[in-house]
Amino acid sequence: GRGFAFRRKQKIERQYRKLLKKRRQVHSQQDDQFTDTYPEHLKHLYLAEEEKLQKRRRAADDSVSSKAKLNKAADGCGVYGYVCFMIISVSRTYTFSSRPVVTQEKVKNKTSNQKAKEEYEKIKTEHARKKEEAEKRKQQREEAQRLYKQKKMEAYKILSKKTKKGQPNLNLQVEFLLQKIQQNT
């Protein structure tokens, strides 16, 4: 069936997939660490430094190759140059490319509390905006109702006027109708 054991199994599978995904990300970040990525505004400085290191490496390789020719009998010939090359390459990767990776990671990862606060602020501003819009609509509606009642009251006053004998005043009614027709055209 699809009982609690099945759900537990699914949960464990999800956690395992998540763990695998994290491991892949860590490996990709480590791979990125050994590539040269420089910030644009400092690129010329890094390139100049890299050229200096390459010159030193060439000088070290030349001295090692001359020592290797002199010491052919020794088993460690060429090892010194390799170690020097490794030290230079490791120092280059740590000084240049490890910094941007860390800063990008800090910017990307937010704590759940920060995410919740941002979500709360977003919802709060949305509610405030909706409340202001509702208030504006309410004021417009009240203003329109007030104007409508005022016009109705004026029309009622004109139409309900009576003569001395108590008859409706037709002259005022005709004038009111005339004004209404002129406003519509």
Exercise. Do Glu143 and Gln139 touch side chain to side chain, with heavy atoms closer than 4.5 Å?
Worked result: no
Exercise. Mind checking what makes salt bridge (Lys or Arg N to Asp or Glu O under 4.0 Å) contact with Glu132, not counting sequence neighbours?
Worked result: none
Exercise. At what distance, to the nearest 0.5 angstrom, does CG of Leu172 lie from NZ of Lys157?
Worked result: 13.5 Å
Exercise. Does Lys162 NZ have over 12 foreign heavy atoms under 6.0 Å away?
Worked result: yes
Exercise. Can you tell me how far OH of Tyr16 sits from CD of Glu13, rounded to the nearest 0.5 angstrom?
Worked result: 10.5 Å
For this session: Find out whether Glu126 and Lys130 are in side-chain contact, i.e. whether some heavy atom of one side chain is under 4.5 Å from a heavy atom of the other.
Result: yes
Problem set entry | Atom pair CZ (Arg24) and CG (Leu19), whose distance is rounded to the nearest 0.5 Å | 10.0 Å
Exercise. Atom NZ in Lys138, atom NZ in Lys131: separation rounded to 0.5 Å?
Worked result: 11.0 Å
Exercise. Of the non-hydrogen atoms in Thr163 and Asn169, which two are nearest, and what is the gap between them?
Worked result: CG2-CA, 4.3 Å
Exercise. Are any of the side-chain nitrogens in Arg146 or Glu142 under 4.0 Å away from the carboxylate oxygens of its partner?
Worked result: no
Exercise. Roughly how far apart are Gln54 CD and Glu51 CD, rounded to 0.5 Å?
Worked result: 7.0 Å
Exercise. Can you find a heavy atom in the side chain of Glu133 that is under 4.5 Å from one in the side chain of Lys136?
Worked result: no
Exercise. Taking all non-hydrogen atoms of both residues, which atom of Lys110 and which atom of Lys115 are closest, and how far apart?
Worked result: O-CE, 3.6 Å
Seminar exercise, completed: In this structure, CD of Gln15 is separated from CZ of Arg17 (nearest 0.5 Å) by 11.0 Å
For this session: Measure the shortest side-chain to side-chain distance between Arg7 and Lys11 over non-hydrogen atoms and say whether it is less than 4.5 angstrom.
Result: no
Exercise. Does some side-chain heavy atom of Arg14 sit less than 4.5 Å from a side-chain heavy atom of Lys18?
Worked result: no
Return all side-chain donor-acceptor pairs below 3.5 angstrom for residues 174-185, not counting sequence neighbours, or 'none' if the list is empty.
residue, atom, partner, partner atom, Å
Asn184, ND2, Lys180, O, 3.4
Thr185, OG1, Ile181, O, 3.3
Thr185, OG1, Gln182, O, 3.3

